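Inspection log for the structure reproduced underneath, given as structure tokens.
A, B, ... follow the sequence lines: proteins, then strands. Residue 1 opens every chain. Small disclaimer: the values here were computed from a predicted structure and weren't measured.
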Amino acid sequence: MENFDQKEAFRQALTGWFNAEKRDLPWRQTKDPYKIWVSEVMLQQTRVDTVIPYYERFIDAFPTIHDLANAPEDVLLKKWEGLGYYSRARNLQAGVREVVEQYNGIVPDNRPTISSLKGVGPYTAGAILSIAYGKPEHAVDGNVMRVLSRILLITEDIAKPKTRKIFEAAVTNLIDHEDPSSFNQGLMELGALICTPTSPKCLLCPVRDFCQAFHEGKERALPVKTKAKKTKEIQFLSLVIQNEQGKWLMEKRPKGGLLADMWQFPLVESLTDDVKNVYGIEKASLFLEFKHIFSHLTWNIKCMAAHSTKADDLSENCRWFSEEEMEELPLPVPMQKIKNEVMK
DNA sequence: CAAACGTGGCT
DNA sequence: TAGCCAAGTTT
């Protein structure tokens, strides 16, 4: 794919296929940069099928950039509940507020400015610029690296951060200036539907004639990617504590780190006398035991139910919630599991 | 740069 | 089952 004619034929094959075969996804019915932005953030490390219902509920709740800018954080997080990577939601709102305050509500249309927004990295910047504004900017995600590693026989380890630059340069070289949106999305759609990780459907591929890996029978050996290491396991005891008014005790997690600043049923290492004193409980009974696997660690959770004689808040990061208030509280999935068991 | 950061589906 | 994977960003 050195000469102009080859590149042009590749672009035509890719964008032609994309426009004929693309899936009908909710965020493909708009060019509103705000809505494209929301979809791109939700799609980070998250499957299309998972995102669809979240996207629709989110846009219903916050139809414009101003609606999201004005939303209370707990309302925002309730819409994000269960999607994971909750800093994405907070960063998105921070970025949106910056656009409203600094740019009159207009999402920037150039890479340096849009990249300065919270939560907008090199991929998301390129995606918004190309899809919403039609700019010929690279948008390199995992799909693009897999697809291009095969087409161009690039054997660099895609797990290494610096490797992304190689693919960005490749896209910049190849991109269709007539339709950058279809080109970038076509690369990703191809990765999602045809050029899949384990069993690529090369016989259905619209660009197999351009694919060096297919030509050499090496498509299954690419991309090169070093293995992730195993997750560590941690044991916790979760305390489900109800007071005499029937309210539940919830605790705010630390500002940084895992599930930052999210509410949880108080989490301790074990049921010591000290713990009993702090929470005003005497006896507690085991009612649930489960495992929750995060990307880099595993929680083994034992859940014990207890009653407390205390009615006032027990500390700065603890509060009692009525059953109705519990419904409004955004909870991470392991805490939802406990809540569902308790409330049923 | 390596590691942290959620969750669910697939093999 | 255990591991890998999915439209990445931040620190």
Side-chain angles (χ1 to χ4, degrees), chain A residues 18 22-23 25-28 35-55 77 80-92 94-95 114-132 138-147 157-165 167-168 171 181 183-193 195-199 223 225-233 253-262 264 291-299 330-337:
Chain A
F18 175 71
K22 64 185 173 191
R23 290 167 292 177
L25 303 173
W27 45 90
R28 287 183 175 161
K35 293 180 182 171
I36 302 298
W37 185 1
V38 169
S39 73
E40 291 302 338
V41 173
M42 285 188 171
L43 285 162
Q44 289 167 10
Q45 301 292 282
T46 310
R47 295 177 186 278
V48 166
D49 288 342
T50 303
V51 168
I52 290 173
Y54 280 93
Y55 173 83
L77 287 174
W80 206 273
E81 182 182 60
L83 248 194
Y85 287 143
Y86 299 97
S87 65
R88 287 186 299 175
R90 296 191 177 107
N91 287 339
L92 173 61
I114 201 171
S115 297
S116 73
L117 301 171
K118 287 268 195 319
V120 179
Y123 164 76
T124 303
I128 297 170
L129 292 174
S130 61
I131 297 170
H138 60 73
V140 174
D141 71 338
N143 283 309
V144 173
M145 289 198 281
R146 182 174 61 258
V147 169
D157 181 359
I158 67 166
K160 301 247 185 270
K162 65 182 297 188
T163 304
R164 199 191 67 246
K165 298 185 192 350
F167 290 94
E168 289 173 349
V171 171
S181 171
F183 184 88
N184 280 340
Q185 290 189 80
L187 242 25
M188 293 188 276
E189 193 80 339
L190 194 64
L193 301 181
C195 196
T196 49
T198 52
S199 309
K225 187 179 186 182
T226 52
K227 314 285 185 194
K229 45 183 181 180
K230 288 203 299 186
T231 67
K232 291 176 182 172
E233 296 209 10
R253 292 180 59 80
K255 296 281 184 192
L258 184 64
L259 303 174
D261 210 28
M262 300 290 283
Q264 66 182 3
K291 183 177 290 226
H292 185 81
I293 303 168
F294 296 95
S295 47
H296 59 298
L297 61 89
T298 299
W299 279 2
L331 294 179
V333 167
M335 294 303 144
Q336 288 179 48
K337 288 181 188 162

*Indicate for each nucleotide in nucleotides 5-11 of chain B, in 5' to 3' sequence, whether protein heavy atoms under 4.0 Å reach the base (B), only the sugar-phosphate (S), or nothing (-).*
BBBBB--
_Going by salt bridge (Lys or Arg N to Asp or Glu O under 4.0 Å), name the residues that satisfy it together with A/Arg47, two or more places apart in sequence or in a different chain._
none
_By nearest atom, which of the nucleotides C/dT10, B/dA2, C/dG8 is closest to the A/Tyr123 side chain?_
C/dG8
*asked:* Nearest to the side chain of A/Lys160, heavy atoms from C-beta on, is which of C/dA6, B/dA2, B/dC1?
replied: B/dA2
*asked:* Please determine whether side chain to side chain contact (heavy atoms under 4.5 Å, CB included) holds for the pair A/Val171 and A/Val144, giving the CA-CA distance in whole Å, both sets of side-chain angles, and the decisive distance to 0.1 Å.
replied: CA-CA 9 Å; A/Val171 171; A/Val144 173; 4.0 Å; yes
*asked:* Please classify the nucleic acid contact of A/Trp27 as base, sugar-phosphate, or nothing, using heavy-atom distances under 4.0 Å.
replied: base
*When all nucleic acid strands are considered with a 4.0 Å heavy-atom cut-off, which category describes A/Val120: base, sugar-phosphate, or nothing?*
sugar-phosphate
_Gap between atoms CD and P, on A/Glu40 and C/dG8 respectively (whole Å)_ = 9 Å
*asked:* Heavy-atom nearest nucleotide on DNA chain C for A/Leu117 versus A/Ser39: which residue maps closer to 5'?
replied: A/Ser39
*Which residues share a salt bridge (Lys or Arg N to Asp or Glu O under 4.0 Å) with A/Arg90, sequence neighbours left out*: A/Glu73
_Mind checking if A/Leu25 touches a base, just sugar-phosphate, or nothing, with heavy atoms under 4.0 Å?_
base
*Contact class for A/Arg23 (heavy atom, under 4.0 Å): base, sugar-phosphate, or nothing?*
base
*With sequence neighbours left out, write down each residue that passes side chain to side chain contact (heavy atoms under 4.5 Å, CB included) with A/Ser87, or none if nothing qualifies.*
A/Asn91
*NZ of A/Lys118 versus C1' of C/dT9: gap in Å, rounded?*
12 Å
*Using atom CD1 of A/Ile52 as one end and atom C1' of C/dA6 as the other, report the distance to the nearest whole Å.*
13 Å
*Distance between the P atoms of C/dT10 and B/dC1, in whole angstroms?*
16 Å
*asked:* With rounding to the closest Å, how many angstrom separate the P atoms on C/dT11 and B/dG6?
replied: 13 Å
*Rounded distance in Å - CD1 (A/Ile158) to P (C/dA6)*: 8 Å
*Going by heavy atoms in the side chains, are A/Phe167 and A/Pro223 under 4.5 Å from each other?*
no
*A/Phe294: what forms a ring-ring contact (aromatic ring centres under 6.0 Å, His included) with it, not counting sequence neighbours?*
A/His292, A/Trp299
_Pair A/Thr46-A/Arg88, side-chain donor/acceptor within less than 3.5 Å_ = yes
*Between atom CD1 in A/Ile114 and atom P in C/dT9, what is the gap in whole Å?*
11 Å
*Given the P atoms of B/dC5 and C/dA6, what is the spacing between them in whole Å?*
22 Å
*Between atom CZ in A/Arg90 and atom P in C/dT10, what is the gap in whole Å?*
15 Å
_Using the P atom as the point on both nucleotides, what is the distance between C/dC4 and B/dA3, in whole Å?_
15 Å
*Have a look at A/Arg28 and say if it touches a base, only the backbone sugar-phosphate, or nothing, with a 4.0 Å heavy-atom cut-off.*
base
_Without decimals, in angstroms, what is the distance between A/Asn91 CG and C/dT11 P?_
7 Å
Sequence neighbours excluded and cut-off under 3.5 Å, please list the side-chain donor-acceptor pairs for residues 116-124 of chain A, or say none.
| unit_1 | atom_1 | unit_2 | atom_2 | d |
| --- | --- | --- | --- | --- |
| A/Ser116 | OG | A/Thr113 | O | 2.6 |
| A/Tyr123 | OH | A/Glu40 | OE1 | 2.6 |
| A/Thr124 | OG1 | A/Gln44 | NE2 | 3.0 |

